[in-house]
Number of protein chains: 2
Amino acid sequence: MDLDRAAGRLRAGGRRVTAQRRAVLRALTELGCAADAEEIHGRARRMHPRIGLVTVYRTLEAFTAEGLAQSVFLGDGRTRYEATEQGRHHHHLVCLHCGRIATTDECTVQPLEGTILRRGFEVTAHRLELFGYCARCRTRR
Amino acid sequence: MDLDRAAGRLRAGGRRVTAQRRAVLRALTELGCAADAEEIHGRARRMHPRIGLVTVYRTLEAFTAEGLAQSVFLGDGRTRYEATEQGRHHHHLVCLHCGRIATTDECTVQPLEGTILRRGFEVTAHRLELFGYCARCRTRR
DNA sequence: GTCTAAGTGAAAATCAGTTTCAATAAGACA
DNA sequence: TGTCTTATTGAAACTGATTTTCACTTAGAC
Ligand SMILES: [Mn+2]
Ligand SMILES: [Mn+2]
Ligand SMILES: [Zn+2]
Ligand SMILES: [Zn+2]
């Protein structure tokens, strides 16, 4: 998500574009997958040293509301975030041994959503995370 | 999961079978899907009035480690738990309007696990939650 | 029955995330 | 460009979920 597009979305939502928000947006894209608030704060500080962690939390909330970011839960007690990709989505493969995160663009959930709709429930979103052992950890262990 | 089976699994893991753990196990099966620690505590108290919330947390941790229970994350800031069904699993449909939870036994994730394995990552578990609007909330709103 | 380590409860601590409030600064408008 | 309104910010205090500490209890092995 480039800055202009993001700025437009924020303004469309009645929100202001601040140096802090630009810093968080850049941190988010630089960090890639599933970064937590502390990590995002640390990275955002490089561009805007005075930014507070509170502002990072508030910004992530605003970004999520405007569809610029989305939350990811990996079960480690903190909420993680990543920039949303327009019209696409991916899922995470979490290695239970080393903690590294890989991703898949493949998603086999849509057909299931159809079946569920036939039962009356309209699915608008889903979360899928896969856990196991990455190639590295599977061989040398 | 019946008591004998559960007791066996606990003992196999070097753990003891206590009145508190029996109460939590029963609470878990009575409550069904995705109950949080407070709810489980409230229910367990009916059978064992002196049980503390701390013990409930510790028991849920033990049960999870022994495969008797599993955690569920619905994104509301608390960890939820449910008894594991042997050899089966299901997924949750969370209504974004009324909060009610429905379930599906259908799971389209396994073929994806195969594809992923071909890339070297061995999937041992997955979490899938679906969000949207239930029949009730979809019609009358 | 005795013994020992696992388990328990209450209180205190931790940790992620939220709220409060006074100061700051987008950006609409003159 | 300057003025004004109101969203945003940072620091400190707070909240709510979960964990840790520690003295006491008890399951279950012998
Ligand atoms: Mn990702
Ligand atoms: Mn369930
Ligand atoms: Zn790994
Ligand atoms: Zn509903």
Side-chain angles (χ1 to χ4, degrees), chain A residues 3-4 6-28 34-42 44-45 47-66 68-81, chain B residues 3-4 6-25 27-28 34-42 44-66 68-81:
Chain A
L3 180 58
D4 288 346
R9 288 243 215 158
L10 285 174
R11 293 208 183 89
R15 297 176 192 271
R16 295 178 183 176
V17 179
T18 66
Q20 287 90 332
R21 286 180 178 174
R22 277 189 288 265
V24 170
L25 184 71
R26 222 181 118 187
L28 228 31
D36 66 29
E38 294 278 4
E39 293 168 337
I40 295 163
H41 183 217
R45 269 224 258 237
M47 306 140 211
H48 193 96
R50 302 194 51 69
I51 191 174
L53 179 58
V54 191
T55 295
V56 171
Y57 276 113
R58 281 187 288 224
T59 299
L60 291 170
E61 185 189 17
F63 282 9
T64 302
E66 301 304 336
L68 301 177
Q70 61 194 313
S71 54
V72 179
F73 300 107
L74 301 184
D76 62 351
R78 62 200 107 161
T79 305
R80 292 165 175 279
Y81 294 87
Chain B
L3 180 57
D4 288 345
R9 289 244 215 156
L10 285 174
R11 294 209 183 87
R15 298 177 190 272
R16 295 178 182 175
V17 179
T18 66
Q20 288 90 331
R21 288 179 176 175
R22 277 189 288 266
V24 170
L25 183 72
L28 226 32
D36 66 31
E38 294 278 6
E39 291 168 337
I40 296 163
H41 182 218
R45 267 222 258 238
R46 295 190 192 176
M47 306 140 210
H48 192 97
R50 304 196 50 69
I51 190 174
L53 179 57
V54 189
T55 294
V56 171
Y57 275 111
R58 282 187 287 225
T59 299
L60 290 170
E61 185 190 16
F63 281 10
T64 302
E66 300 305 335
L68 301 177
Q70 61 194 311
S71 54
V72 179
F73 300 106
L74 301 184
D76 61 350
R78 62 200 110 160
T79 306
R80 292 165 176 281
Y81 295 86

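Remember, it's a predicted structure, so these values are computed and weren't measured experimentally. Below, chain A is the first sequence line, B the second, and so on; all start at residue 1.
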key: Closest heavy-atom pair and its distance - B:Val56, B:Ala37   =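 Heavy-atom minimum between the residues: CG1-O, 3.9 Å.
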inquiry  = If I compare all heavy atoms of A:Leu53 with all of A:His41, which pair ends up nearest, and what's the gap?
reply    =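 Shortest heavy-atom contact: N-NE2, 3.4 Å.
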Round to a whole Å and report the spacing from [atom1] of [X] to [atom2] of [N].
X       : N      : atom1 : atom2 : result
B:Arg58 : D:dT18 : CZ    : C1'   : 11 Å
B:Glu66 : C:dA6  : CD    : P     : 13 Å
B:Ile40 : D:dA17 : CD1   : P     : 14 Å
B:His41 : D:dT18 : NE2   : P     : 14 Å

ask   = For the helix from C:dG1-D:dC30 to C:dA30-D:dT1, how many degrees between its two end axes (five pairs per end), to the nearest 10°?
value =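 That helix gives 40° between its end axes.
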Of all residues at least two apart in sequence or in a different chain, which pass the side-chain hydrogen bond (donor to acceptor under 3.5 Å, both in side chains) check with [X]?
X       : value
B:Ser71 : B:Arg127
A:Asp76 : A:Arg80
B:Glu66 : B:Arg15
B:Arg46 : none

Could I get a table of every N or O pair under 3.5 Å where one atom is in the protein and the other is in nucleotides 15-17 of chain C?
from	atom 1	to	atom 2	distance (Å)
C:dG17	OP1	A:Thr79	N	2.7
C:dG17	OP1	A:Thr79	OG1	3.0
C:dG17	OP2	A:Tyr57	OH	2.7

request  = Give, for atom CZ of A:Arg58 and atom CZ of A:Phe63, the distance between the pair rounded to the nearest 0.5 Å.
outcome  =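 It comes to 13.5 Å.
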ask   = B:Arg22 or A:Thr59: which one's nearest nucleotide on DNA chain D is closer to the 5' end?
value =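 Mapping each residue to its closest nucleotide by heavy atoms, the 5'-most match is A:Thr59.
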Without placing hydrogens or testing angles, list every side-chain donor-acceptor pair under 3.5 Å for residues 20-28 of chain A, not counting sequence neighbours.
from	atom 1	to	atom 2	distance (Å)
A:Arg21	NH1	A:Arg16	O	2.8
A:Arg26	NE	A:Glu30	OE2	3.0
A:Arg26	NH2	A:Glu30	OE2	3.4

task = Please name all residues satisfying side chain to side chain contact (heavy atoms under 4.5 Å, CB included) with B:Glu61, sequence neighbours left out, ordered by chain then number.
result =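 Partners of B:Glu61 under the side chain to side chain contact (heavy atoms under 4.5 Å, CB included) test: none.
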Heteroatom pairs (N/O) under 3.5 angstrom, protein to nucleotides 23-25 of chain D:
none

request  = Side chain of A:Gln20 only, please: which of C:dA11, D:dG10, C:dT8 is the nearest?
outcome  =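 In terms of side-chain proximity for A:Gln20, the closest of C:dA11, D:dG10, C:dT8 is D:dG10.
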task = Among B:Asp36, B:Val72, B:Thr59, B:Thr64, find the one that has a side-chain contact (heavy atoms from CB on, under 4.5 Å) with B:Tyr81.
result =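 Exactly one candidate clears the test, B:Thr64.
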inquiry  = Check the phosphate of C:dG7 against B:Arg21, side-chain N and O only, distance under 4.0 Å to OP1 or OP2. Yes or no?
reply    =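 Answer yes for this pair, as a side-chain N or O of B:Arg21 is under 4.0 Å from OP1 or OP2.
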inquiry  = Need one value for B:Arg50: base, sugar-phosphate or nothing, where a base atom within 4.0 Å counts as base even if backbone is also close, heavy atoms only.
reply    =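 If one applies the 4.0 Å heavy-atom cut-off, B:Arg50 turns out to touch the sugar-phosphate alone, with no base involved.
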query = Along nucleotides 22-30 of chain C, 5' to 3', which nucleotides get a B, which get an S, and which get a -, given that the test is a protein heavy-atom distance under 4.0 Å?
reply = ---BBS---
